[in-house]
Amino acid sequence: MKSEIQQSLQQALEALHAEGVLTDLPAAAQVERTRDPAHGDFASNVAMVLAKQARMKPRDLAGRIVAAMPASPVIAAVAIAGPGFINIHIAEAAYRALVPAILRAGPDYGRSRLGAGQRVQVEFVSANPTGPLHVGHGRGAAYGAAVADLLAYVGFDVHREYYVNDAGRQMDILATSVWLRYLELCGEALDFPANGYKGDYVWDIAASLHREHGDDYRVAADVVREGLPLDELTPGDGGDKEAHIDALTAAAKRLLGDNRYRFVFELGLNTILDDIRGDLAELGITYQAWFSERSLVESGAVNRAVERLREAGHVYEQAGALWFRSTAFGDDKDRVLVRENGQTTYFASDIAYHMDKMERGFTRVIDVWGADHHGYVPRVKAALSALGDDPRRLDVLLVQFAVLYRGGEKVQMSTRSGEFVTLRELRKEVGRDAARFFYVMRRCEQHMDFDLDLAKRQSADNPVYYVQYAHARVASVLQQAADRGIALALTPVPGDGKLERLTEDHEIALLKTLARWPEAVEAAALTEEPHQLTHYLRTLAQDFHTYYNAHQFLVDDAALRDARVQLILAVRQVLRNGLSLLGVGAPERM
RNA sequence: GCCCUCGUAGCUCAGCCGGAUAGAGCAACCGCCUCCUAAGCGGUAGGUCACAGGUUCGAAUCCUGUCGAGGGCGCCA
């Protein structure tokens, strides 16, 4: 509908251009929804924008433009208002025609080919597999999934990916933690390291190791302890928790040998990855690929990335380490690629990973990161520039933290002590629908308060229930008709004139909201702002509830009854399309 | 100290590529079920768009500064 208006205006501008009234043509005529219905349905400010170059008063130019607009069945009236706005009123018939169009398109109403099949990768969550997902990851999960689904809906070929940090020190610490807990289960007396992973899930993995393999991995506590540097159990006690845990890891590798160590490591990694996969699947989130960092290391891709930077002359050695001169590409300081001990950094892996993404030929690559990683953006972009890629192909979307509230109190979280609130606990408490909806209700840049009580509440102030209730009410009307033995014409018949019976203000308002759906989807997708969808759905639900209260649908007049039922079927379809895009269910009954 | 994000009604937030009188929900107050789910609807009230400058026909929106909130500044991941 909007594009038809745009075309109409564009044709008018082209005509004036041909006449010499305008010297330049704008790329596209700006058309917007009006805020005030008195200004019509759409308004354009082109006349004011082009007034200067036409050397005319805005209102006079507007008059010329309006005169040059071709007639259209969609447009009922055009008016010039205020300083030179062109206000366009849509014909009600055009709105009524939406009902059959929506019912015919079904799940595809709102879909478009805007993306023209361009390949886009969306990488999101990518939490380290050293523990279960916590509530902080939930926002990135829901947001990333919604962005990916939106882009797919408007015609992009979307590839969803999870980057698994399965290499590096943290994973070794996890494996060591599992082994130490296992030793405790075997009856060995050991102090658990300050820097180890203390969560219950570590016990669970250790218990399964003990259950399946008995004492096969047991080593006497004295032997493990031998020659370890002091742990720092309390700050300032002279110990070094970093050196301690690293020495413990080295001891584990030495005492268990490669194969047995690898087994414990894999057990921890796979158990946790399965857990993460399960959590996300329960939220309706799935991926095309789980990309392993270790595969990059083992295939030599990380070394290749470092070599490419070296060949391009962007690295130097200092104090035994190999540095990337990222400051040459706008970063604050240079970054280490290879440490003094010969190990590559996480950053080196990440360069290799992004290099790989680029080589896979995506038109666009989107990374969804927590806001705490914002400082990381310039260095990754710097690396892409240094490698000769266009950093603009990479979009990093930063998601601010979500703070949980329960009973008006902030819920405390701390990952270190292992007492965090897991995403699973959140989902079990508020349910999948509320979790998915609440997480995307706010702009991603906005710090978010997640009210657990509100999310659980089954009442009007909970937006999820409000929208779902609108959907259930439509089903309820149909059920009521069936119960009363009323035969309904669910499919509009062209030319039967029934839809022309939709003349009430509430009906026109509802039709106008339905008409906005494709625009809402497009805007939400292109700006990567799924929260716009939640707002749209709330508005649609509200228009429906208002209509429901103002008028009976199952009236005696069969033609009017059919028209109203067809209208609310269209509403149901759009509610379904919207909720499904957000991964939220559309219940028939509540 | 430097960098990123945010600051709009009592609360939670839309609006932000400049545009017409700043919007919604909740909470508050007043109403509405012999009628398809009242998990709903209607109405009233509520604002110096943090503050100060600047840009212009026009600024909540763009720029600069100040204040405030959160986050980031490792040879951690």
Side-chain angles (χ1 to χ4, degrees), chain A residues 30 32 34-36 38-39 43 45 48-49 51-52 58 81-85 87 127-128 130 165 167-171 173 195 242 293 318-323 331-333 335-347 349-350 370-378 398-401 403 405 408 441-451 454 457-466 468-470 472-481 483-484 486 506 527 529 531-532 534-535 538-539 541-542 544-555 561 564-565 568 589-590:
Chain A
Q30 281 224 354
E32 284 178 348
T34 57
R35 210 176 285 176
D36 183 346
H39 298 142
N45 63 353
M48 289 180 287
V49 174
K52 201 168 269 179
F85 287 103
N87 293 337
N128 284 352
T130 51
N165 293 119
R169 181 164 169 263
Q170 293 306 319
M171 284 309 299
I173 293 177
N195 243 11
E242 307 291 347
E293 177 188 4
Q318 190 180 25
L322 189 70
W323 296 70
D331 198 6
D332 289 343
K333 52 173 83 168
R335 310 288 172 179
V336 171
L337 296 172
V338 185
R339 280 175 260 172
E340 197 180 354
N341 65 11
Q343 287 187 319
T344 52
T345 56
Y346 173 85
F347 178 46
S349 294
D350 230 19
D372 54 338
H373 282 65
H374 80 84
Y376 213 76
V377 179
L398 298 171
V399 179
Q400 293 290 333
F401 288 164
V403 180
Y405 284 84
M441 264 193 323
R442 307 294 175 224
R443 254 167 65 220
C444 71
E445 299 94 328
Q446 186 73 242
H447 301 180
M448 183 169 77
D449 291 341
F450 193 122
D451 186 336
L454 178 61
R457 210 171 302 155
Q458 310 217 338
S459 65
D461 48 353
N462 183 341
V464 186
Y465 283 92
Y466 186 81
Q468 289 184 322
Y469 182 42
R473 265 187 156 171
V474 177
S476 169
V477 170
L478 298 180
Q479 185 59 49
Q480 190 67 217
D483 291 349
R484 289 199 229 154
I486 301 172
H506 290 110
T527 54
E529 291 183 351
H531 76 272
Q532 292 189 23
T534 66
H535 286 273
R538 216 192 178 285
T539 304
Q542 173 157 269
F544 172 77
H545 287 308
T546 301
Y547 179 40
Y548 181 99
N549 269 272
H551 299 283
Q552 281 282 312
F553 304 151
L554 301 177
V555 291
R561 184 174 66 217
R564 288 182 170 171
V565 167
I568 66 171
R589 188 190 307 269
M590 294 178 73

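By convention in this document, chain letters (A, B, ...) are assigned in the order of the sequence lines, proteins followed by strands, and residues within each chain are numbered from 1. Computed from a prediction, not measured in an experiment: that's the story for all the values here.
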Criterion side chain to side chain donor-acceptor pair (under 3.5 Å) against Gln400(A), the qualifying member of Glu445(A), Gln446(A), His447(A)
His447(A)
Once you apply a heavy-atom cut-off of 4.0 Å, does His551(A) come out as touching a base, just sugar-phosphate, or nothing?
base
Name the orientation class of the two ring planes belonging to Tyr548(A) and Phe544(A) (parallel below 30°, tilted from 30 to 60°, perpendicular beyond 60°).
tilted
For Phe450(A) and Val403(A): C-alpha separation, side-chain torsions, deciding distance, then whether side-chain contact (heavy atoms from CB on, under 4.5 Å) applies.
CA-CA 6 Å; Phe450(A) 193 122; Val403(A) 180; over 6 Å; no
Strictly under 4.0 angstrom, non-hydrogen atoms only: write out the protein contact profile of nucleotides 70-77 of chain B, one letter per nucleotide from the 5' end, B, S or -.
BBSSSBSB
List the residues meeting side-chain contact (heavy atoms from CB on, under 4.5 Å) with Asp483(A), not counting sequence neighbours, and say none if there are none.
Gln479(A)
Strictly below 4.0 Å, N to O, side chains only: are Glu529(A) and Arg442(A) in salt-bridge contact?
no
Kindly say whether Thr130(A) contributes a backbone atom to a donor-acceptor pair with the side chain of Asn128(A) at under 3.5 angstrom?
no
Touch check for Ala470(A), heavy atoms < 4.0 angstrom, all strands: base, sugar-phosphate only, or nothing?
nothing
In whole Å, what separates the P atom of G70(B) from that of C76(B)?
29 Å
So which atom in Arg564(A) and which in Val555(A) form the shortest heavy-atom distance, rounded to 0.1 Å?
NH1-CG1, 4.0 Å
Pick base, sugar-phosphate or nothing for Met448(A), based on heavy-atom distances below 4.0 Å to the nucleic acid.
sugar-phosphate
Does Arg443(A) make a side-chain N or O approach to OP1 or OP2 of C6(B) shorter than 4.0 Å?
yes
Please measure how far the C1' atom in C63(B) lies from the corresponding atom in C16(B), and state the result in whole Å.
14 Å
For atom P, what is the distance between G43(B) and C26(B), given to the nearest Å?
13 Å
Starting at the 5' end of RNA chain B, what dot-bracket string do you get if Watson-Crick and G-U pairs under 3.5 Å are bracketed, crossing pairs use [ ], other-strand pairs use | and unpaired bases use dots?
(((((((..((((.....[...)))).(((((.......))))).....(((((..]....))))))))))))....
Test item: Trp323(A) side-chain N/O and Gln318(A) main-chain N/O as donor-acceptor pair under 3.5 Å
yes
Out of U12(B), A20(B), C41(B), minimum distance to the side chain of Thr546(A) belongs to C41(B)
Under 4.0 Å between a side-chain N/O of Tyr548(A) and OP1 or OP2 of C33(B), yes or no?
no
So does Arg538(A) get a side-chain nitrogen or oxygen closer than 4.0 Å to the phosphate oxygens (OP1/OP2) of A14(B)?
no
If you check the Arg442(A) side chain, which of C13(B), C41(B), G19(B) turns out closest?
C13(B)
How would you label the glycosidic angle of C33(B): syn (within 90° of 0) or anti?
syn
When the distance from CD of Gln446(A) to C1' of C16(B) is rounded to whole Å, what number comes out?
12 Å
Under 4.0 Å, counting only non-hydrogen atoms across every strand here, what does Asn87(A) touch: a base, just sugar-phosphate, or nothing?
base
Do the side chain of Asn45(A) and the main chain of Phe85(A) share a donor and acceptor less than 3.5 angstrom apart?
no
Which residue lies toward the 5' end of RNA chain B, Gln480(A) or Glu445(A), if each is placed at its nearest nucleotide?
Glu445(A)
Return whichever of Met441(A) or Leu478(A) has its heavy-atom-nearest nucleotide of RNA chain B closer to the 5' end.
Met441(A)
Ignoring backbone atoms, test whether Gln542(A) places a side-chain nitrogen or oxygen under 4.0 Å from the OP1 or OP2 oxygen of G25(B).
yes
In whole angstrom, give me the gap between the C1' atoms of G53(B) and A59(B).
13 Å
Touch check for Ala550(A), heavy atoms < 4.0 angstrom, all strands: base, sugar-phosphate only, or nothing?
nothing
State whether Phe553(A) and Arg561(A) meet the cation-pi test: NZ (Lys) or CZ (Arg) under 6.0 Å from the six-membered ring centroid, and within 45° of the perpendicular axis.
no
